Amino acid sequence: MADPMRIRAQASGDKATVRVLMSHEMESGQRKDASGKTVPAWFIQEVTAKLNGKDVFSAEWGPAVSKNPFLQFNVKGAKAGDKIAVTWKDNKGDTRTDEATVS
Amino acid sequence: MNKASSLAIAVALALGTMPALAQKTASQGIDEYRAMLQDGNPAELFEAKGEDLWKKARGPKNVSLEKCDLGKGPGVVKGAFVALPKYFADTQRMQDLESRLVTCMETLQGFNAAEISKTAFGRGEMANVTALATWIAAESKGQRFNLSQEHAQEKTFYEVGKRLFFQRGGPHDFSCASCHGEEGKRIRLQDLPILTKNPGDGIGFAAWPAYRVSNGQMWSMQLRLNDCYRQQRFPYPGFGSDATIALSTYLGVNAKGAASIAPAIKR
Amino acid sequence: MQNRRETLKQTAVVAGLLATAGFPQFAHAAFNKAAFDAKSVQDSAKAAGATSMAESKDVTITGPDIAENGAVVPLGASTALAGVKHLLIMVEKNPSALVAMFHVTDAVEANFSTRAKMGQSSDVYAVAIMNDGKALWAKKEVKVTLGGCGG
Amino acid sequence: MNKKTQLVLATLAAALVAAGCASGPSVAELNALTDKIVKASFRDESHVKVERITATDETNRVCSEADVAGKPLDEKTAKRIEEANLKAIKWPSDGKFIGDWKQGEAIAQSGRGLTWTDSATGVNGGNCYNCHQMDKKEISYGTIGPSLYNYGKIRGVSNPNDPASKAIVEYTWGKIWNAKAYNACSNMPRAGHMGILNETQVRHIVGLLLDPKSPVNQ
């Protein structure tokens, strides 16, 4: 149900720079609501990426990553026309995958 | 110039123990921070959502908004944003982008306009109106504001908007002009655009809708004005009310010639 | 940048299709709760596999000197060293220091950026955990100011 | 409701044209129209009532009109407004003008209070740093008002309780209590007069500005 990511992947030289924006609350678990109750943490825990179907990147995040997260990484050997697929999974088990073509 | 040098002194005094900072003014530091955020504006997420909402068949009538007339003819999106608010003959009223979108959602898609207008910002169909406005604004990126002042209502609304801009009231005696009537002023570290004339490309009226990093929300112009009024300690302006549209007309006409950068990214 | 919109248009949505596929060859894909729960930079690095810690000029942390808002602070970690296993971004004064842990493979450069929440002015760290368990770190101070009208 | 108002306006505009007012509505008509639009557009929210802007006082009314016209108040009106505001100043009930600068600093830092998202019973802030530089250590300050750094020092106040400082101490109290007593259309709120700050809070702010030990005077 989560909204799509925005993925930009640009090749330069022998690598491609991948920039990703994800739509997610990234609730810290530190905040209290109007009635004084702590809002439970809700955040992306794992981010992975594939280049043409092959795993190339993985990371673990905590609740201190900002809301609507931004991520940048560089994939070696990626060239224009290659497919980059990014997947996130949050601590409630929700997940989303989007794909972009390297330009 | 003055501002920068006095800040430099303030920073040197306050942060003298930090060599990296002492060589840089606070405003330079903040400019760098803002520059770092430019590449990757989460407003893009809302743009994408808005484009999808425009093209998707939705509502009780299950049709898209692709025949919506934003002032340039049915379905014309590019250039519409920088000409709003304007007078619409079909509704016989002045409308800004958001109130016009709500009209289209009612007439084309069968939604209840009054219900949407009552919905809180960021919720339900109101969140969709904001996403739509974000995409439509983005489609005019780089174009210059050029509001019509042809129709009698357009002129009248400019004049009413001017009066609202200078209306002092509430416990603090604030008007819009208290903060936006002079050039080169700040609240805390926040630069305040002068809004009685064209403040420059992408400043003031030409920057909204914008993504607010402080709360991770997408802010439309209606919400921008709503929160200005809140901080002014004024009562609550209705969504799409004539006051908000008259004020937008005043700001938009004054911004004539300013290139739009919306959706921007803001503090 | 000039082709930004073009590039965006090429973004294809394949939601859910790959969602359930696991990452068996990625040993570290499981969430390291201990590292994220740890309060201090040291405890967190330890939980991430560090056996010793040393400051190093070969590790770089990037971030602004001043952040106008603590909700979004752009931070980056990088190193040109060989033999890096994980690259960590930490904020010392956050309730839990660890913000993000990136796993370095042959397929990606050891150079990652994201944006972090910061509750107050603090030192921020890039920590490279090497294959042999050594942790090499760099830090810089980020000052968080109140940008708007304290209301 | 919007539609109805606008239709009324359209009819009004048409009537004006018919009456030969080809140049559009007059200033008085535009003012009346604005009042009507304000009434139709704003509503109560939480403890914030519409009367806050519909039942405003003469000071705000004449200053708003002068702003729209783009020229300052005529001298006579300005004087009358200033005198009325000066008369309305409440001086300290116990004769004590100088409070605790530390509490004053906290009040100066706070921008809270009186918006529809604030609680009706919370403690209001003074909003001072939003517009003024004060303590040099605070780099996040506004520039709508003049810098108040060294406010007391520049004015030669080494002992605010010394009779020699009486005039400046009283002016400082008066300015915070009711800024319009000294400048009819000042941008500065009337903190005491409008009930933004209470007497004790005003006293602490005066302390922040005039106490030689205050960071403002370092």
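Sequence lines set the chain letters: A, B, ... in the order given, protein chains first and strands last, and positions in each chain run from 1. Remember, predicted model here, so these are calculated numbers, not experimental data.
- Atom CG of B:Leu45 is separated from atom NE2 of A:His24 by 12.5 Å, given to the nearest 0.5 angstrom.
- Atom CZ of residue B:Arg212 and atom NZ of residue A:Lys67 lie 12.0 Å apart, to the nearest 0.5 angstrom.
- The candidate with the highest count of non-hydrogen atom pairs below 4.5 Å against chain B, out of A:Met26, A:Glu25, A:Met22, A:Gln72, is A:Met22.
- Residues A:Arg6 and B:Glu44 come closest through the heavy atom pair NE-O, 3.5 Å.
- To the nearest 0.5 angstrom, B:Gln217 atom CD is 10.5 Å from A:Asn68 atom CG.
- Residue B:Asp39 holds its CG atom at 5.5 Å from CZ of A:Phe70, rounded to the nearest 0.5 Å.
- Interface remark: B:Asn41 contributes backbone atoms only to the contact with chain A (heavy atom separation under 4.5 Å).
- Atom NZ of B:Lys67 sits in a sparse spot, with 12 or fewer heavy atoms from other residues, nucleotides or ligands closer than 6.0 Å.
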